[in-house]
Peer 1: 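Encoded as structure tokens, here's the structure I'll be asking about.
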Amino acid sequence: MIMKKESYYDLVYYITSKIPEGRVSTYGAIADYLSLGSARMIGWALNQCNATGNGDIPAHRVVNRKGELSGRVHFNPPSKMQASLGAEGIIVKDNRVENFEDLFWHPEELDDK
DNA sequence: TCTTTGACGTACA
DNA sequence: GTGTACGCCAAAG
């Protein structure tokens with residue numbers, strides 16, 4: 001992470017906005033990369049971002065460890081999350097990302113490049 | 001200041 | 001696979 005002293009939610013915004021199209025990440029991976037210490041912080045940050053109407057944050061690409069769309073209910077409307085993922089070529093079945101392990105994206109990819 | 005809650009994760013039975 | 005318990009830390013009441 002190149003950004004310095006930013007609030008934890010700013011870091012989450014940054015990472016989330018950097019998730020490549022057609023890929024997904026998890027709360028745990030982001031929390032671990034940002035050393036937030038808890039995946040709950042990710043959800044909280046995204047909750048704020050969604051509540052404030054930050055449509056620039058592709059929060060729909062962030063799922064839980066199982067690849068489930070755990071936070072779809074927090075979207076407006078909830079079905080938008082799956083619709084957005086589907087529009088990017090991500091198959092969502094029963095609130096879960098198909099081929100999740102293959103589509104999984106880790107924040108470390110940013111450092112590599 | 002204390003308590004509750006939360007888009008989670010891991011451990012254990 | 002399911003259910004329970006705990007940790008994690010910030011925001012809201």
Side-chain angles (χ1 to χ4, degrees):
Chain A
M1 197 49 197
I2 302 97
M3 320 264 308
K4 40 191 174 195
K5 203 170 169 296
E6 297 283 355
S7 300
Y8 78 95
Y9 49 81
D10 288 319
L11 299 177
V12 175
Y13 290 173
Y14 178 79
I15 293 297
T16 306
S17 63
K18 288 290 185 267
I19 298 177
E21 194 175 301
R23 301 290 294 280
V24 295
S25 190
T26 68
Y27 302 96
I30 298 172
D32 182 66
Y33 178 74
L34 298 178
S35 302
L36 295 182
S38 181
R40 281 195 149 110
M41 309 290 83
I42 310 298
W44 192 257
L46 267 53
N47 179 292
Q48 296 304 310
C49 115
N50 182 302
T52 52
N54 280 305
D56 295 330
I57 311 301
H60 57 271
R61 294 180 190 150
V62 183
V63 297
N64 65 8
R65 223 249 171 232
K66 299 174 245 173
E68 300 172 336
L69 309 188
S70 53
R72 79 192 149 128
V73 294
H74 296 274
F75 280 78
N76 182 45
S79 55
K80 181 83 161 30
M81 185 174 189
Q82 181 174 334
S84 299
L85 290 173
E88 296 176 2
I90 300 175
I91 310 302
V92 179
K93 192 70 175 176
D94 191 39
N95 298 331
R96 212 179 322 177
V97 177
E98 288 288 318
N99 201 14
F100 169 65
E101 293 183 6
D102 190 49
L103 295 174
F104 177 75
W105 176 86
H106 195 281
E108 262 184 16
E109 298 290 319
L110 293 176
D111 287 341
D112 216 30
K113 295 195 168 187

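Here is the naming used below: chain letters follow the sequence lines, and residue numbers restart at 1 for every chain.
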Peer 1: Round to the nearest Å and state the distance from A/Asp94 atom CG to C/dG1 atom C1'.
Peer 2: 15 Å
Peer 1: Just checking A/Asn64: base, sugar-phosphate only, or nothing, at a heavy-atom cut-off of under 4.0 Å?
Peer 2: sugar-phosphate
Peer 1: Grab the CD-C1' distance between A/Gln48 and B/dG6 for me, whole Å please.
Peer 2: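 In whole Å, B/dG6 C1' lies 11 Å from A/Gln48 CD.
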Peer 1: Using whole Å, report how far CG of A/Asn47 lies from P of B/dC8.
Peer 2: 10 Å
Peer 1: Quick one: does A/Arg40 reach the base of C/dC9 with a side-chain donor-acceptor pair under 3.5 Å?
Peer 2: no
Peer 1: When the distance from CH2 of A/Trp44 to P of C/dA11 is rounded to whole Å, what number comes out?
Peer 2: 8 Å
Peer 1: Heavy atoms under 4.0 Å, any strand shown: does A/Ala59 hit a base, just sugar-phosphate, or nothing?
Peer 2: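 Base contact.
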Peer 1: Hey, does A/Leu36 reach any base, or is it just sugar-phosphate, or nothing, if we go heavy atoms under 4.0 Å?
Peer 2: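 Sugar-phosphate contact only.
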Peer 1: A quick test of your reading: do over 12 heavy atoms of other residues, nucleotides or ligands sit less than 6.0 Å from CZ of A/Arg65?
Peer 2: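 Incorrect, the count does not exceed 12.
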Peer 1: Any side-chain N or O of A/Arg65 less than 4.0 Å from the OP1 or OP2 oxygen of B/dT10?
Peer 2: yes
Peer 1: Could you state the atom-to-atom distance from CE of A/Met41 to P of B/dC8 in whole Å?
Peer 2: 11 Å
Peer 1: Please pick, from C/dA11, B/dA7, B/dG6, the nucleotide with the shortest atom-to-atom distance to any side-chain atom of A/Tyr9.
Peer 2: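 Between C/dA11, B/dA7, B/dG6, the one nearest the side chain of A/Tyr9 would be C/dA11.
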Peer 1: Does any N or O in the side chain of A/Ser38 come within less than 3.5 Å of the main-chain N or O of A/Met41, such that one atom is a donor and the other an acceptor?
Peer 2: no
Peer 1: Does A/Ser38 make a side-chain N or O approach to OP1 or OP2 of B/dG9 shorter than 4.0 Å?
Peer 2: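 Checking A/Ser38 against B/dG9: no side-chain N or O falls below 4.0 Å of OP1 or OP2.
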Peer 1: Take the protein atom CG of A/Leu46 and the nucleotide atom P of C/dA10, then report the distance between them rounded to whole Å.
Peer 2: 17 Å
Peer 1: With a 4.5 Å cut-off on side-chain heavy-atom distances among I, L, V, M, F, W and Y, is there a chain of contacts connecting A/Tyr9 to A/Ile30?
Peer 2: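 Per the 4.5 Å side-chain linkage, A/Tyr9 and A/Ile30 are co-clustered.
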Peer 1: Rounding to an integer number of Å, can you tell me how far A/Asp32 CG sits from C/dC9 P?
Peer 2: 13 Å
Peer 1: Spell out, as yes or no, whether a donor-acceptor pair under 3.5 Å connects the side chain of A/Tyr13 to the backbone of A/Cys49.
Peer 2: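 Judged by distance alone, yes, a pair lies under 3.5 Å.
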Peer 1: Taking the side chain from A/Arg23 and the backbone from A/Leu103, do they hold a donor-acceptor pair closer than 3.5 Å?
Peer 2: yes
Peer 1: Using atom CD1 of A/Ile19 as one end and atom P of B/dA7 as the other, report the distance to the nearest whole Å.
Peer 2: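 The answer, rounded to whole Å, is 18 Å.
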